[in-house]
Amino acid sequence: LVKTSGSRGQEVAEPFHDRVRETVTARIEERDVVPWHTRIAAALEAVGGTDPELLYTHWRGAGQAARAAEYAEKAADEASRTLAFGRAARLYQTALDCVQWERLAERRLQEKLAYALACAGRSAEAAEILEAMAAAEADAVTRLDARRRAAELYLCSGHFERGIELLRGCLAEAGERYPGSPLAVLVSLLLARFALVLRGTKLRPAPAAAARPETLVRIDTLASAGAGFAMSDSMRGAYFQTKNLLLALDAGDPERLVRTLSMEACFTSSGGSKSETRTRMLLEVLRGYARRVATDEATARVALAEGYYGFMNGRWAEAAQCMVRAEELFRDKVRGAAYFLGSARFMLYRCLVYLGQVEELERRVPAALREADEQRDVYTAINLRSMPLTFTHLARGRVDDARRELETAERALFQGVFLLQHYFCVTARCQMHLYAGEVDAAADVLARTRTPMRRSLMLRVQTIRAVMLDVEGRVALAVARRDPSQLALATRMAQKLLALGPLYARAYGHLLAGLVARQRGELDKALAHLGLADDGFVAVRMPLHAAAARLRRGELLGGDEGAALGASAVQAARDVGAVPDPALFNAIAPP
């Protein structure tokens, strides 16, 4: 009934089967349970090298709560070292629940618990712990630091209402303002950018005041605001990020500078081709500081910033490679980076959407979505349900699944401000309506969101502007089937895209211009534009868009050549795992 294992002199004896264990323990008299736990715990402790969680179990069974709590904390520390943060969080909470701790010891455990929860992606739970800690702190700087970390975690997990409320108070306490209106954000951002241009990005001897705790927590509060709004309210995030960079440069802390410069490069990238020169310069400065710091986090942040730069300039394949590298580093090497890990993954999925990689998205996104739902990560769940998941469902011909996931995302949207998550849902819904032939519904979505989107300032981001011009143009084309006056709007959208600069935007413009010419009966002009669109989409590796342009061109040409182009388009869709349904091509290139 007993088996042994291990080397001679260190054999471990244990029941041959769990049924044996269960039978023996069930027959132990209740009065003997505590003594047996005590004897086993003492023996294991004397031997040494025992799993601390096992020692916690026996000391807890022996009624020795203080010793049990000590081993629960040790087990949690060990789990944290091996990156098993979910297990670590459970054990830290267990240690807290075992006994009434002294204030300093309790605060130490709460810090560890919040850190483990954040690393496990459970940002909202970590924020709640930090908020509770802040309420009990007597020191103003320590209290502010806990509250600003809580605010960042709330914002980064999509709990915007509480995050914004908490952040406003933190900024006021740190001596910084929270610009309320879009105009105030824009003016503040322009002034901060001008100050940064005058100051430059070189380090100078830092004054003694730069190392004071209140100065550092002020820098970190601005960093939290910049990170918290980075992927939701990009212009507001850019303002806080610029102020953060100015203070970080004066403080002269290389590690803070790497974090700040990586975010600055991401924000600057949003200008696309207009800010490409400045972004390249920032990336070079960032790489220099990263080499100086020489940490995995610095390397990961460089990869993330390079990925943003590639994405914002329409180089989807290059950006995807950078994001894969950033994802690996943030996942395997960098602790406490759940938000940046999620951001790298989401940007990778956005790249894969443009690249038309349906099978790869289907392999990655569902598991990421389940994890986000389990972790109460509203931010990630909305992002995934809107753009990549809707695209995948439509590419597979599952319009009802796309509708259901999108409705779930929209119910979770924050209603106080028009954020990037609203934009993702708008574009996904228009795509779904065009796929389903619900043209009036798509036009209604644009009519309701056009003004709040414009006021949000997000159209200053070049990729967003290009996508919205394309969406507006495609919806106008679809409506023009019954209302030819809409062709004028589609024409304006095409002209704006052709003037925008990046190759992918010009390909969008040629596709729209070709479809407008087709509706007007200008066949030679339509063929020329559609050919340029096909070439442009091939060059930027957007196979489904290239296939749609090729299919429409084949329809115009007819005959054997047209049939060959149509067959090529259908095969291109199949090659990336899409179902070559006419509805899919109609959504990309309305007939």
Side-chain angles (χ1 to χ4, degrees), residues 314-317 352-358 391 394-395 427 430-431 434-435 437 442 463 466-478 480-481 487 490-591:
R315 295 193 276 273
W316 325 119
L352 294 176
V353 167
Y354 284 106
L355 293 167
Q357 297 299 308
V358 180
F391 166 80
L394 294 180
T427 54
C430 286
Q431 190 76 2
L434 288 173
Y435 181 98
T463 53
V467 168
M468 288 310 302
L469 288 171
D470 171 58
V471 171
E472 290 264 14
R474 285 186 287 130
V475 172
L477 266 172
R481 302 283 293 180
L487 286 177
T491 300
R492 288 201 303 275
M493 299 300 103
Q495 290 170 343
K496 289 180 179 181
L497 282 164
L498 290 168
L500 203 54
L503 181 55
Y504 73 91
R506 296 201 304 274
Y508 280 142
H510 282 302
L511 180 58
L512 276 176
L515 296 172
V516 169
R518 168 180 160 148
Q519 284 205 33
R520 286 178 171 159
E522 301 167 2
L523 298 187
D524 289 343
K525 186 175 180 181
L527 286 169
H529 278 297
L530 290 172
L532 289 169
D534 189 352
D535 293 341
F537 287 129
V538 168
V540 295
R541 297 178 62 176
M542 295 173 67
L544 285 175
H545 285 75
R550 198 173 309 146
L551 180 69
R552 297 291 179 247
R553 188 159 161 259
E555 290 169 349
L556 288 176
L557 283 171
D560 291 342
E561 185 179 358
L565 286 172
S568 171
V570 168
Q571 188 57 49
R574 287 186 176 136
D575 288 343
V576 294
V579 176
D581 191 291
L584 179 62
F585 293 120
N586 290 348
I588 298 171

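The first residue in the sequence is number 1, and the count goes up from there. Hydrogens, waters and symmetry mates are skipped; everything else that's a heavy atom, side chains included, is used.
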**Report entry** Closest heavy-atom pair and its distance - Gly577, Val358
**Finding:** O-CG1, 3.7 Å

Query raised in the report: Do Gln357 and Val576 come close enough that some side-chain heavy atom pair is under 4.5 Å?
Result: yes

Quick one: side chains of residues 580-589, donor-acceptor pairs under 3.5 Å with protein atoms, not counting sequence neighbours, listed by atom name and distance.
residue, atom, partner, partner atom, Å
Asp581, OD1, Ala583, N, 2.7
Asn586, OD1, Arg552, NH2, 2.8
Asn586, ND2, Pro582, O, 3.4

Report task. Describe, in one word, how the ring planes of His510 and His529 are oriented to each other, choosing from parallel (under 30°), tilted (30 to 60°) and perpendicular (over 60°). Result -> tilted

Query raised in the report: Do the non-hydrogen side-chain atoms of Tyr354 and Val540 ever get within less than 4.5 Å of each other?
Result: no

Query - Qualifying salt bridge (Lys or Arg N to Asp or Glu O under 4.0 Å) pairs, either residue in residues 509-521, two or more places apart - result: Arg518-Glu555

Requested in this report: Kindly indicate whether the side chain of Arg574, heavy atoms from C-beta on, has any atom under 4.5 Å from the side chain of Val570.
Outcome: yes

Report task. Using a cut-off of 6.0 Å, state whether more than 12 heavy atoms not belonging to Arg315 lie near its atom CZ. Result -> yes

**Report entry** Side chains of Leu511 and Leu530 in contact at under 4.5 Å (non-hydrogen atoms)
**Finding:** yes

**Report entry** Partners passing side chain to side chain contact (heavy atoms under 4.5 Å, CB included) against Ala546 (at least two apart in sequence or in another chain)
**Finding:** Asp534, Phe537, Val538, Arg550

Query raised in the report: Is there a donor-acceptor pair closer than 3.5 Å between any side-chain N or O of Arg506 and the backbone N or O of Gly501?
Result: yes

Query raised in the report: Is the closest side-chain donor-acceptor distance between Arg474 and Gln431 under 3.5 Å?
Result: yes

Query raised in the report: Distance from Tyr435 atom OH to Leu394 atom CG, nearest 0.5 Å?
Result: 6.5 Å

Query raised in the report: Taking the side chain from Thr491 and the backbone from Leu487, do they hold a donor-acceptor pair closer than 3.5 Å?
Result: yes

Query - Separation of Leu523 CG from Leu556 CG (nearest 0.5 Å) - result: 6.0 Å

